[in-house]
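As a basis for the values below, the full set of heavy atoms in this structure was taken, side chains included, without hydrogen atoms, waters or symmetry mates. Start at 1 and go down the list; that is how both ligands and their atoms are numbered.
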Amino acid sequence: MKSIQAKLLLSYLLVLLVGVVVLLAAVQLSAPTAYSRHMMADMPGMGPGHGMGPGGSGLANFRAGLLEALGYAIGAALLAALAVSILFSQRIVSPLEKMAAATKRIAEGHYDERVHIQGQDELAQLAHRFNQMAEQLENTEAMRRRLIGDVSHELRTPLTAIQGYTEGMIDGVLPADTETLQQIHHETRRLTRLVDDLQELSQVESGAFSLELHPQSLAALVQTTAKRLAPAYEKKGVSLQFNLPANLPLVLADEDRVIQILTNLLNNALAYTPSGGKVTVTATPSGHEVQIAVQDTGIGIPAESIARIFDRFYRVDKSRSRSAGGGSGIGLTIARALVEAHGGRIWAQSAGEGQGSTFTFTLRSIHA
Ligand code: ADP
């Protein structure tokens with residue numbers, strides 16, 4: 001049975017039916033005895049007439065007998081109805097009790113708690129939703145723990161370096177010269193960048209930001225970003241090229257956020273492409289969206305890492321990332337969250353190490 005309403009209706013009917021059946025059966029059983037007992041009590045001689053004498057005592061006896069029989073029958077019917085009601089209500093109450101107990105366990109921090117309720121009615125659906133909620137809470141809790149572990153780990157590296165440099169200077173092992181101070185400065189900048197990234201990540205992951213979606217010219221957004229990054233590209237000797245068709249449709253996007261996505265991808269492309277390399281930004285209309293690809297001729301990504309590089313704090317190779325001037329492995333996580341907030345997708349491709357990489361994301365386009 002699919003709905004509680006139908007179940008309740010059926011149980012009321014059954015209770016009523018059981019009551020009526022028991023009532024009738026009890027009347028049938030008790031009426032003759034009760035009736036004859038009253039008749040006999042009234043006429044000890046048991047003469048002919050059997051209480052039908054003048055004065056109407058026969059009718060009174062009949063009434064008394066009937067009332068007695070009905071009294072027994074009603075009592076029996078009530079008991080039967082009560083037993084059936086308890087049975088039915090138990091079936092509805094017991095899943096609720098199970099859920100109440102599970103809620104209490106979850107509130108106490110046991111996020112692996114689940115309820116098992118059979119059937120398809122509203123209570124079973126509620127249990128299913130409850131389990132989904134519990135799973136979500138369990139995932140969030142696991143994520144929170146992992147995040148604390150990751151952040152502590154990320155903070156430890158620059159802090160250990162700063163501590164090492166300062167202790168070296170205090171002990172006189174390291175000279176307090178510009179070079180040492182620059183190393184310390186470099187590590188503090190890493191820390192600042194990490195804190196900024198974390199703040200950004202917490203904002204985009206919690207959805208605590210609003211997108212101002214307007215029709216935008218993608219070419220203009222790419223040019224703005226490229227202009228900002230051009231000095232860094234020039235300095236490293238990596239060329240930046242564009243492949244933006246003139247008939248590109250406008251996209252529905254938040255200007256600042258798309259610039260941020262492009263900045264993250266172009267910064268990565270620069271960081272992981274040796275000097276003399278090339279980075280190309282290509283936009284291609286495809287159905288109701290535009291695909292934007294950032295392709296580089298850099299160090300590439302091994303196949304086993306492709307699926308994980310959008311994970312928070314994931315770096316293909318920590319030392320490689322650090323020496324390449326990469327960050328803490330949050331940039332792509334932020335980019336993915338921003339692309340998905342726009343209703344788009346983002347993915348990476350690479351033929352392997354040393355073969356370059358291509359990062360592609362989509363944005364919804366506006367058709368005139
Ligand atoms: P990071 O700040 O370390 O660059 P990201 O989240 O931006 O963090 O990137 C995650 C990892 O993905 C990087 O550490 C790097 O190993 C890999 N990666 C990202 N972009 C590229 C690229 N264009 N070429 C090769 N590897 C890349």
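When heavy-atom distances to ligand 1 are checked against a 4.0 Å cut-off, V316 comes that close through both its backbone and its side chain.
An N or O contact shorter than 3.5 Å links L332 to ligand 1 by distance. Taking distance alone, with nitrogen or oxygen atoms compared against 3.5 Å, G331 approaches ligand 1 more closely than that limit. Between D296 and ligand 1, at least one N/O pair is under 3.5 Å apart.
To the nearest 0.5 angstrom, L198 atom CG is 7.0 Å from L147 atom CG. Between atom CG of residue D311 and atom OG1 of residue T333 there is a gap of 7.0 Å, rounded to the nearest 0.5 Å.
Atoms of ligand 1 lying under 4.0 Å from at least one heavy atom of F359, given by number and element, are 19 (C), 20 (N), 21 (C), 22 (C), 23 (N). Here is the list of ligand 1 atoms found below 4.0 Å of a heavy atom in R315: 3 (O), 14 (O). Set against the non-hydrogen atoms of Y314, the atoms of ligand 1 under 4.0 Å away are 10 (C), 11 (C). For ligand 1 and I330, the ligand atoms under 4.0 Å from any heavy atom of the residue are 6 (O), 8 (O). Near I309, meaning under 4.0 Å from one of its heavy atoms, ligand 1 places the atoms 10 (C), 12 (O).
A salt bridge is absent between E154 and R312; no separation between the charged side-chain nitrogens and carboxylate oxygens falls under 4.0 Å. In this structure, E200 pairs ionically with R257, as a charged nitrogen and a carboxylate oxygen lie closer than 4.0 Å.
Pairs passing the salt bridge (charged side-chain N to carboxylate O under 4.0 Å, His left out) check and including a residue from residues 72-81, sequence neighbours excluded, do not occur. Applying the side-chain hydrogen bond (donor to acceptor under 3.5 Å, both in side chains) test to residues at least two apart or on different chains, the pairs with a partner in residues 275-296 are E289-R345.
In the displayed structure, R114 atom CZ is contacted under 6.0 Å by more than 12 heavy atoms of other residues, nucleotides or ligands.
Using a distance-only test at 3.5 Å, with no hydrogens or angles considered, a donor-acceptor pair links the side chain of S11 to the main chain of K7.
Scanning A269, A271, G298, G300 for the heavy atom closest to atom 25 (C) of ligand 1 points to G300. Closest heavy-atom approach to atom 8 (O) of ligand 1 among the candidates G329, S305, S357: G329.
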